[in-house]
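To start, the structure itself, in structure tokens.
Just so you know, ligand 1 is whichever comes first in the structure, and atom 1 is the first atom listed for that ligand. Because the structure is predicted, anything quoted here is derived from the model rather than measured.
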Amino acid sequence: MHSNTRASASRQSVAQAAVNTRVIQELDAAHYLHPFTDSKALASHGARVMVKGEGIYIWDSEGKRLLDGMSGLWCMNVGYGRKSIADAVYAQMQQLPFYNSFFQTTNVPAVQLAAKLVEISPPQFNHVFFTGSGSEGNDTIIRMVRRYWDLQGYQDRHVIISRHNAYHGSTMAGASLGGMSGMHQQGGLPIPGIVHIGQPYYLEGGKGKTPEEFGIEAASWLEKKILEIGADKVAAFIGEPVQGAGGVIIPPATYWPEIQRICDKYGILLIADEVICGFGRLGHWFGSEYFGVKPDLMTFAKGVTSGYVPLGGVLVGDRVADVLIEKGGDFNHGFTYSGHPVACAAALENIRIIEEEKLVGRVRDDTGPYLKRKFETLANHLLVGAAETCGFVAGLNLVQKKAASLHDCRLFDAKLDVGMICRSHMFNNGMIMRAVGERMIIAPPLIMAHAEIDEMVDLIRACLDMTLADLTQRGLMPAPAQATENI
Ligand SMILES: *Cc1c(COP(=O)(O)O)cnc(C)c1O
């Protein structure tokens with residue numbers, strides 16, 4: 001077919017496909033390469049077509065309603081269907097849809113948002129650099145911290161220490177900072193000057209220790225790495241307060257203060273990647289406040305606009321900003337859409353909603369503790385070895401045979417893909433819960449009331465029952481008498 005004919009045929013089918021799932025799925029398979037997806041496998045069964053969102057629910061093109069336990073992708077903090085954000089975006093688009101901030105110019109929403117972010121962030125932050133995404137925020141941070149040391153005459157001080165199983169985005173630098181082995185295997189990563197230490201995952205590495213002891217031990221790996229490289233070569237340490245994509249890895253309370261102490265001891269910059277933990281997810285504006293640490297730089301994205309429009313950026317602490325501004329001259333870095341007025345208008349309205357509805361305090365004092373109580377009851381399920389929450393993120397571990405502690409449970413063979421089996425039961429029954437190996441995770445919208453938390457946890461339990469029945473039928477569970485001993 002001639003390409004013009006093909007294009008007009010596609011347009012026609014798109015119009016019809018507003019109500020035709022198959023047509024959309026076929027066009028999707030023919031033309032749309034999805035992120036982090038095996039396109040061939042997806043084409044064989046077709047993507048689920050999402051068409052509408054309201055509150056904590058989304059609907060697919062077949063009219064099926066799903067409770068969105070993942071807030072889109074960790075971002076829908078204020079939930080779907082907020083007309084006031086749509087209105088703010090519409091008004092800004094009519095007033096000034098775009099202008100750049102490169103050439104001695106600025107725009108009103110970007111300035112107002114920068115001031116607002118300074119107001120709600122810890123006192124060491126007085127400056128903001130805007131990007132289009134979290135990945136670009138982390139790229140920006142690499143350039144900033146290296147420039148910070150260069151300007152002070154430390155040209156060798158360029159190494160950044162991160163952690164295995166961290167997620168810091170998908171650009172070359174973001175994926176390098178991240179510690180996802182699957183990503184590092186593709187495209188020649190990591191780029192030079194980035195090294196990784198172990199993650200503070202108590203359930204994985206803490207056998208025979210208290211969480212407090214393990215937190216100190218996991219932090220000590222940073223000091224070991226600094227001494228191995230030479231402190232005069234280490235620019236910064238970066239971490240998510242709670243690792244999100246890695247599987248909601250909640251560090252012991254001792255971990256972050258010890259990381260802070262080590263960074264301070266060697267004068268190393270501390271970077272908090274707040275792309276998930278920021279904007280109320282842990283019951284504070286930023287996750288580092290929850291853990292009581294004082295980062296020099298913070299990456300943000302996702303919750304800053306609740307995903308309504310793409311936006312990311314970096315909060316730059318005084319220690320770094322003072323050097324960059326006083327000694328730096330031109331900073332040769334930036335994006336066309338840095339400080340995009342429409343994105344900033346969406347963020348301002350999103351933050352106004354978070355404040356008006358007191359979502360941060362509600363998660364800290366009310367709904368967060370309530371979710372904890374409810375979610376942790378799932379630990380008594382036959383299939384669950386541990387269930388834990390932190391603010392509005394939560395994770396549970398599927399196990400083949402329970403024991404008093406997860407460290408003693410019998411785990412499933414990873415090849416069985418039990419997490420994906422469980423995820424399918426969740427999806428098919430109207431619950432969006434993500435699988436990371438055998439760990440099932442959620443990060444629900446912050447607007448949930450108690451009744452919605454009840455509904456969600458009941459739904460998760462029902463889906464765990466179906467998963468258990470399914471696994472039993474497949475012969476993957478031990479006989480009942482055997483399964484219940486030791487509980
Ligand atoms: C999603 C995420 C990123 C990347 O953000 P993008 O907007 O997808 O580029 C970076 N860090 C963390 C912790 C994230 O969860």
*Examine ligand 1 and decide if any of its atoms is less than 4.0 Å from a heavy atom belonging to Trp74.*
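No; Trp74 lies far enough from ligand 1 that no heavy-atom distance drops under 4.0 Å.
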Pairing donors with acceptors under 3.5 angstrom, does anything connect the side chains of [X] and [Y]?
X: Asp68; Y: Tyr80; result: yes
X: Asn138; Y: Asp273; result: yes
X: His158; Y: Asp150; result: yes
X: His333; Y: Asp139; result: no

Within a distance under 4.0 Å of any heavy atom of [X], pick out the atoms of ligand 1 and give their elements.
X: Ser135; answer: 4 (C), 5 (O), 6 (P), 9 (O)
X: Asp273; answer: 10 (C), 11 (N), 12 (C), 13 (C)
X: Lys302; answer: 1 (C), 2 (C), 3 (C), 14 (C), 15 (O)
X: His168; answer: 10 (C), 11 (N)
X: Ile276; answer: 15 (O)
X: Glu240; answer: 13 (C)

_Audit row: Asn107, Phe98, side chain to side chain contact (heavy atoms under 4.5 Å, CB included) steps and yes/no_ = CA-CA 9 Å; Asn107 70 74; Phe98 174 72; over 6 Å; no
_Result of checking Leu203, Val248, Leu406 against Glu388 for side-chain contact (heavy atoms from CB on, under 4.5 Å)_ = Leu203
*How far is atom 6 (P) of ligand 1 from its nearest protein heavy atom, and which residue and atom is that?*
Gly134 N, 3.5 Å
*Please state which protein non-hydrogen atom is closest to atom 12 (C) of ligand 1 and give its distance, to 0.1 Å?*
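Going atom by atom, the protein heavy atom closest to atom 12 (C) of ligand 1 ends up being Tyr167 O, 3.4 Å.
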*asked:* Using the ring centroid of each side chain, check whether His127 and Phe129 are separated by less than 6.0 Å.
replied: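 No, they do not, as the ring centres are separated by 6.0 Å or more.
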